[in-house]
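The structure under discussion appears below in the form of structure tokens.
Chain A is the first sequence line, chain B the second, and so forth, proteins listed ahead of strands; every chain is numbered from 1.
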Amino acid sequence: MRGTLNPEQHAAVEHGDGPLLVLAGAGTGKTRVLVHRIAHLVERGVAPWQILAVTFTNKAAGEMRERLSQLLGDGAERMWIGTFHATCARILRRWGERVGLRKGFLIFDDDDQLKLVNRLMKEAGVDEQVTPRTLLSRFDRAKNQGVDPASVKRGDFVDDFVAQIYPQYQAQLLRENAVDFNDLILHVLTLCKDDEAGPRLATQFRHVLVDEFQDTNRVQYELVRHLSSGTHNLTVVGDDDQSIYRWRGAEPRNILDFDRDHPNAAVIKLEQNYRSTGTILDAANAVISKNADRHGKSLWTDRGGGDLIEYKIAGDDRSEAWDVARAIKEMIDEGGSSPRDVAILYRTNAQSRPLEEQLRRYGLPYQVVGAVSFFERKEIKDAVAYLRLIANSAADSAFDRVVNEPPRGIGQTTIDRLRAHTSATGFALLETAKLAARGEVAGLQAAARKKLAGFVELVAGLGDVVQAGASVAETLIQVVERSGIRARYEAMDSEEGRDRLGNLSQLVNLAADYDDEAGEEGSLEGFLERTALTAPADEREQGDAIRMMTIHMAKGLEFPVVFLCGMEDGLFPSLRERDGVGEAEALEEERRLAYVAITRARDKLYLSWARVRRVWGKDSMQAPSRFLDDLPPACLAQPVRPAAPPRPVYTSAPAMAPRKAKREWDEYDQRSSSSDDEPVFHLDADVREPAADDPYRPGREVSHAAFGTGKVLEARGAGPTRSIVVEFASVGRKTVLARFLAPA
DNA sequence: GTCGTCCCGGGTTCC
DNA sequence: CCGGGACGAC
């Protein structure tokens, strides 16, 4: 095994003690190096539980654990392998009480946080143009850097609201015995300064290894530094070109300046790519080389050129999905490829739907990895909230969520009264509801008291179930049954109701898995921690299935065949404006994302985009991704250039223009309309709401070769027959096809 | 006071 | 397309 490593990899694996930085490009075998290094440490006598390996996704952690158990057997079980968040949760389980957390603390997810901020804003009467999202992202950004959000002044009107709401936000978390994702790490950092826990943590791990180090934020880096401060045995591996998490506070400086913080660090570069064909590597290098802010390294391969990159333009997102499904079907029918060789990557989770539909149609097995989180579905959140409330009576957020779910006659007014009482007494909502049921809360009618009593009794009864020793799965079944959730969805007697029940039964299955794995150690708290920190797709891999995932999820993985869908400007690169990040900087991150996507492919890469895409139920016209222009023409099986949509600019010869445009369209619209089950190009003559960046939205000035300039009144339809009603200065109102217009 | 219906608007990525 | 909020009906 060792013999198959090249000299650089070998040096990294066998590096002795002291800090080590491995700068490794895509596909240079860095995960392999990490795995072998850990195995090597164990061979040298380091005990498995003295090794901490941090990854960025649960998926990567799972993979690493699996590979290590192949090399080491049971020893791997006892290692600390996990994400920053999971690692910190584990440390806090042991030491949490020293930073003010009680046993069984809750972890707030995005949605929980948002709801809380929303409520606090309303209570404080904050109504100006600040959304809860904006405030929350300010909280996050500050916390990622290890500073108090309330003290950050960026000099805009949002500052005051942050300063006002944040202390209340944090106070409520404390009351509920809850933490948000950032707090998991911040609390451990506080622990590092603790007289007792600090020194222990500094020496607990004889070796600390961090994968994807370019994605660590300041707080995470400080944590790593402390955890390795007793031994200085810190190995970090990363690639600044693959930094794709700046939006959540990642600081690539951490990797670039590593040798400044660790002057005696050994630095090893891995530049030979073993993964991709020359063609794919050329394409990836061409894209990333357009970035100014990079260190620059020279990846090379001795693999041959390989197949050219396939490129396809579809009429709409359904056609795109159909093209992909058909290509995969052919590939598999020809033999040589199996579904598990193929990955479909996209920028946003929302893109998975049409793809799934077409794959199903062809009977192709697929697995959506880490998708639109299962745990974000309403029925799942509700059931989990019951569990939270049973496990932790202080969980106001959970109480709020389920007290009237399913509807049992406890409305806003009643809850407001309870809340008023809690702010006076400091009791939790559930506790207050108990008081109310006994008539000890003012202002509540007998009817409301009775209903609250019923709810309190429901929760108490479920608590008894747990006390009686029920497994998590059994508890969950009781929750769904006794709360009336099941009856409610059954009564709906609809597709939706059945879907939701199906999801709930899947949740019960996950709980049963947990019960099996955890055995005696299992607890409601343990299950809740797992639901907060993992997605179910992280857990079980389906055997022979096509993998579908976002590019972010795909980092660190590789596949023989990759389909990269939705290569459209605005989608990929995403051109959304963001709070606090410059446009150029944001674009560079998108470019790195493109680099990551392309380098996932070993042998064959397919790129595609759709001229019309349904977004939130509305059709919108798309333009090809600017990244396509960066690809060397020699890498592509089909040229990118002529595929650009017909230019609606005709400065001369107006009579010729329509014919030319027509021909261009037909020529390059690659759908064929022969087969029955093929999705047809979707056209709609309805008046549609134009997208904000639409050059033809009402009010815009446009020009027409024959009619001159005018103002848009209305836009209809989409695609090649999209028509625009224009009030022309010279000829009055006319309806013309969009492609004969240009922005004035 | 609570529940149902309609309308509006939406931050994409992950732990 | 989906959830939250506003508004009107028991």
Side-chain angles (χ1 to χ4, degrees), chain A residues 54-61 82-89 107-111 113-115 118-119 122 131-137 140 144 179-185 212 215-217 220 243-250 345-354 369-373 375-378 381 404 406-417 443-445 447-448 451 496 529-535 537-538 549-555 566 570-581 586 589-590 592-593 596-597 614-618 689 691-692:
Chain A
V54 184
T55 61
F56 265 78
T57 60
N58 289 298
K59 202 170 170 53
T83 61
F84 271 105
H85 300 272
T87 302
C88 289
I107 299 166
F108 266 35
D109 67 16
D110 211 49
D111 189 57
Q113 298 178 60
L114 215 47
K115 277 204 156 80
N118 197 12
R119 182 170 67 74
K122 282 213 184 86
T131 62
R133 258 251 115 71
T134 307
L135 281 196
L136 195 55
S137 80
D140 269 352
N144 280 333
V179 297
D180 62 24
F181 281 120
N182 297 312
D183 287 340
L184 280 170
I185 296 165
E212 310 286 8
D215 286 330
T216 50
N217 62 37
Q220 289 164 336
S243 163
I244 56 175
Y245 284 104
R246 289 219 305 232
W247 56 272
R248 69 171 201 206
L345 307 184
Y346 34 77
R347 178 68 235 270
T348 68
N349 278 307
Q351 289 167 254
S352 73
R353 277 237 186 124
V369 177
V372 242
S373 180
F375 290 106
E376 280 163 28
R377 293 168 200 268
K378 174 181 157 43
K381 292 222 71 168
N404 199 35
R408 45 173 78 89
I410 303 172
Q412 201 50 56
T413 318
T414 304
I415 295 169
D416 287 347
R417 298 254 156 85
L444 285 171
Q445 306 284 355
K451 285 168 187 157
E496 184 196 335
E529 184 181 306
R530 181 184 289 206
T531 61
L533 294 173
T534 65
D538 292 334
M549 67 192 94
T550 61
I551 302 165
H552 283 87
M553 280 302 302
K555 193 172 64 154
L571 181 63
F572 190 29
S574 162
L575 297 173
R576 214 164 269 287
E577 49 203 78
R578 33 199 115 182
D579 191 22
V581 184
E589 177 137 325
E590 294 290 313
R592 290 190 293 271
L593 202 50
V596 168
R614 277 206 112 160
V615 191
W616 285 327
K618 286 176 206 149
E689 279 299 308

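A:Glu590 comes within 4.0 angstrom of a nucleotide base, judged by non-hydrogen atoms across all strands. A:Ser574 comes within 4.0 angstrom of a nucleotide base, judged by non-hydrogen atoms across all strands.
In terms of position on DNA chain B, the residue among A:Phe84 and A:Thr348 whose nearest nucleotide sits closer to the 5' end is A:Thr348.
Judged by centroid separation below 5.5 Å and plane tilt below 30°, A:Trp247 stacks onto the base of B:dT13.
Put simply, CG on A:Asp110 is 14 Å from C1' on B:dG10, counting in whole angstrom units. Taking atom CD of A:Glu589 as the reference point, atom C1' of B:dT12 lies 12 Å away to the nearest angstrom. Computed from coordinates, the A:Ile551 CD1 to B:dT13 P distance equals 12 Å when rounded to whole Å. Taking atom CZ of residue A:Phe375 and atom C1' of nucleotide B:dC15, one finds them 13 Å apart after rounding to whole Å. The distance from atom CG of A:Leu184 to atom C1' of B:dC14 is 14 Å, rounded to the nearest whole Å. One can place NZ of A:Lys555 at 11 Å from P of B:dC15, the figure rounded to the nearest angstrom. The CG atom of A:Leu533 sits 7 Å away from the C1' atom of B:dC15 (whole-angstrom rounding). The interatomic distance linking A:Glu376 (CD) with B:dT12 (P) rounds to 12 Å, in whole Å.
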* To do: Would you give a per-nucleotide map of nucleotides 1-9 of chain B, 5' to 3', where B means the base has a protein non-hydrogen atom under 4.0 Å away, S means only the sugar-phosphate does, and - means neither?
  => SSS------
* **Sugar-phosphate or base contact per nucleotide [nucleotides 2-10 of chain C; S, B, -; heavy atom under 4.0 Å]** => S-SS-----
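Partners of A:Asp180 according to the salt bridge (Lys or Arg N to Asp or Glu O under 4.0 Å) rule, which considers only residues two or more places apart in sequence or in another chain, are A:Lys143. Residues passing the ring-ring contact (aromatic ring centres under 6.0 Å, His included) test with A:Tyr245, sequence neighbours excluded: A:Trp247, A:His552. Contacts of A:Arg119 classified as side chain to side chain donor-acceptor pair (under 3.5 Å), with partners at least two apart in sequence or in another chain: A:Glu123. Judged as a side chain to side chain contact (heavy atoms under 4.5 Å, CB included), and not counting sequence neighbours, the contacts of A:Asp111 are A:Asp109, A:Lys115, A:Lys381, A:Arg401.
For the OP1/OP2 pair of B:dC15 and a distance below 4.0 Å, the side-chain nitrogens and oxygens of A:Asn217 include no atom meeting the criterion. Phosphate contact (OP1/OP2 of B:dG10, side-chain N/O of A:Thr131, threshold under 4.0 Å): absent. Between A:Arg347 and B:dT12, a side-chain N or O to OP1/OP2 separation shorter than 4.0 Å is absent.
For the pair A:Leu114 and A:Leu136, the minimum side-chain heavy-atom distance is below 4.5 Å. No side-chain heavy atom of A:Lys555 sits less than 4.5 Å from a side-chain heavy atom of A:Ile551.
The two residues A:Ala532 and A:Ile107 have their closest heavy-atom pair at CB-CB, 3.7 Å. Heavy atoms only, all atoms of each residue included: A:Phe181 and A:His85 are closest at O-ND1, 3.4 Å.
In the set B:dT13, B:dG10, B:dC15, B:dT13 carries the atom at the smallest distance from any side-chain atom of A:Asn349.
Between atom CG of residue A:Asn217 and atom CZ of residue A:Phe84 there is a gap of 8.0 Å, rounded to the nearest 0.5 Å.
Within a 6.0 Å radius of CZ in A:Arg353, other residues, nucleotides and ligands contribute 12 heavy atoms or fewer.
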